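Ligands are counted one by one from 1 in listed order, and the atoms in each one are counted from 1 as well. The figures here come from the full heavy-atom set of this structure, side chains too, leaving out hydrogens, waters and symmetry mates. Here the structure is a predicted model, which means the values were calculated and not measured.
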Amino acid sequence: MSVRKAVIPAAGLGTRFLPATLALPKELLPLDRKPAIHWVVEEAIGAGLETIVLVLARGKESLLHYFMGNPNLKGRKLDGRLAQWVDAVAQLRSRVELVAVYQEEALGLGHAVLQARSVVGDDPCAVLLPDDHFLPSPLPELVTGHTEKGLGGVALRKVTPAEVTRYGIVGIRQAAPPHFLLDAAVEKPPLVDAPSDMAIMGRYVLPAGFMRRLAEGRPGALGEIQITDSLHAEASQKGLYGFHFTGTFLDLGTWEGYLEANVRMAGGTPDLTARLSKALVNPVGIAPTT
Ligand code: G1P
């Protein structure tokens with residue numbers, strides 16, 4: 001069965017982005033104009049997915065409102081470029097069925113994805129974490145991997161020893177880079193227990209029936225229901241496909257990573273490159289050097 005549905009967990013409190021996240025979902029913070037939620041919905045549509053389940057927490061309804069347009073803008077004359085942005089959001093909305101579900105308690109990523117069960121059922125589905133941004137998207141590789149091998153899949157990135165404890169780390173059974181067959185997954189292991197230096201990044205394809213595994217999930221690392229533990233069961237019993245992503249990865253999950261990501265995205269625009277380079281050597285509060 002082909003992958004048609006996607007789950008986007010967006011129920012986190014966004015504590016690393018306080019105080020902005022007292023009132024604003026982190027996923028609405030923009031990366032080069034488009035909010036993170038826009039990027040992932042666009043990416044899911046680009047991979048051919050037709051139904052997207054947003055997993056929200058109470059108070060994060062504006063994530064859904066973003067795709068509904070703003071009636072206050074109706075009849076208002078907008079500058080051409082701005083009108084195009086607004087139109088792009090409307091276009092996205094028209095190309096996909098967007099469904100919202102709630103995670104009422106913060107019990108972990110596995111639990112968040114499980115809240116989409118009423119929509120996903122026993123079908124395979126993609127999962128996209130808005131904190132992780134990829135250029136280009138590894139999702140088409142995972143969808144193809146699922147179609148060809150009949151396996152669930154995860155995007156992988158080689159990480160440094162210092163990064164190992166921040167991610168789910170996989171065990172490798174067979175390697176034919178960039179394609180891997182995995183037989184284990186451990187959530188945020190201490191370096192000595194890491195089965196490899198390959199980390200699970202925020203793009204997954206969960207095979208048919210995976211929601212049943214998640215429903216059996218028990219609290220693991222950090223006392224939370226981890227998707228990685230269910231992936232481990234899948235990998236050790238049936239095998240899991242891993243695609244080693246070697247493109248550009250931007251980490252929107254930390255404030256520093258978020259700022260860096262915006263600078264790198266803006267760097268692709270010639271007039272902004274000059275302006276930002278100048279700004280970086282002239283920080284506010286310090287006498288200008290030029
Ligand atoms: C989550 C997953 C982890 C994965 C990571 C990718 O961690 O639990 O296995 O490696 O996303 O970004 P989190 O970032 O929520 O701590």
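Summary of contacts: the protein heavy atom closest to atom 4 (C) of ligand 1 is I200 O, 3.4 Å. When hydrogens are left out, the protein atom nearest atom 14 (O) of ligand 1 is K188 NZ, 4.8 Å; that is the closest non-hydrogen contact.
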(message) Using the rule given for side-chain contact (heavy atoms from CB on, under 4.5 Å), can you reason through T165 versus L191, listing the C-alpha separation, both sets of side-chain angles and the distance that settles it, and then say yes or no?
(response) CA-CA 7 Å; T165 53; L191 185 56; 5.6 Å; no

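Between H111 and Q226 the shortest side-chain heavy-atom distance does not fall below 4.5 Å. Between L206 and V113, the closest side-chain pair of non-hydrogen atoms falls below 4.5 Å.
In this structure, R203 contributes its side chain and D132 its backbone to a donor-acceptor pair below 3.5 Å. In this structure a side-chain-to-backbone donor-acceptor pair under 3.5 Å is missing from W255 to R16.
When R203, E187, R157, E163 are checked for heavy-atom proximity to atom 3 (C) of ligand 1, E187 turns out nearest. With atom 1 (C) of ligand 1 as the reference point, the heavy atom nearest to it among V170, L109, I169 is part of L109.
Of the N and O atoms on the side chains of E61 and Y102, at least one donor lies less than 3.5 Å from an acceptor on the other residue. Inspection of the Y241 and H146 side chains reveals no N or O donor paired with an N or O acceptor under 3.5 Å.
Where the criterion is an N or O separation shorter than 3.5 Å, residue side chain and backbone included, D132 meets it with respect to ligand 1. Close N/O approach between I227 and ligand 1 is not found [any backbone or side-chain N/O within under 3.5 Å]. The shortest N or O to N or O distance between T228 and ligand 1 is below 3.5 Å.
There is a protein heavy atom less than 4.0 angstrom from atom 8 (O) of ligand 1.
Distances below 4.0 Å separate heavy atoms of G168 from the following atoms of ligand 1: 3 (C), 4 (C), 9 (O), 10 (O).
Residue-level proximity to ligand 1 for L129 is carried by the side chain, the only part with a heavy atom below 4.0 angstrom.
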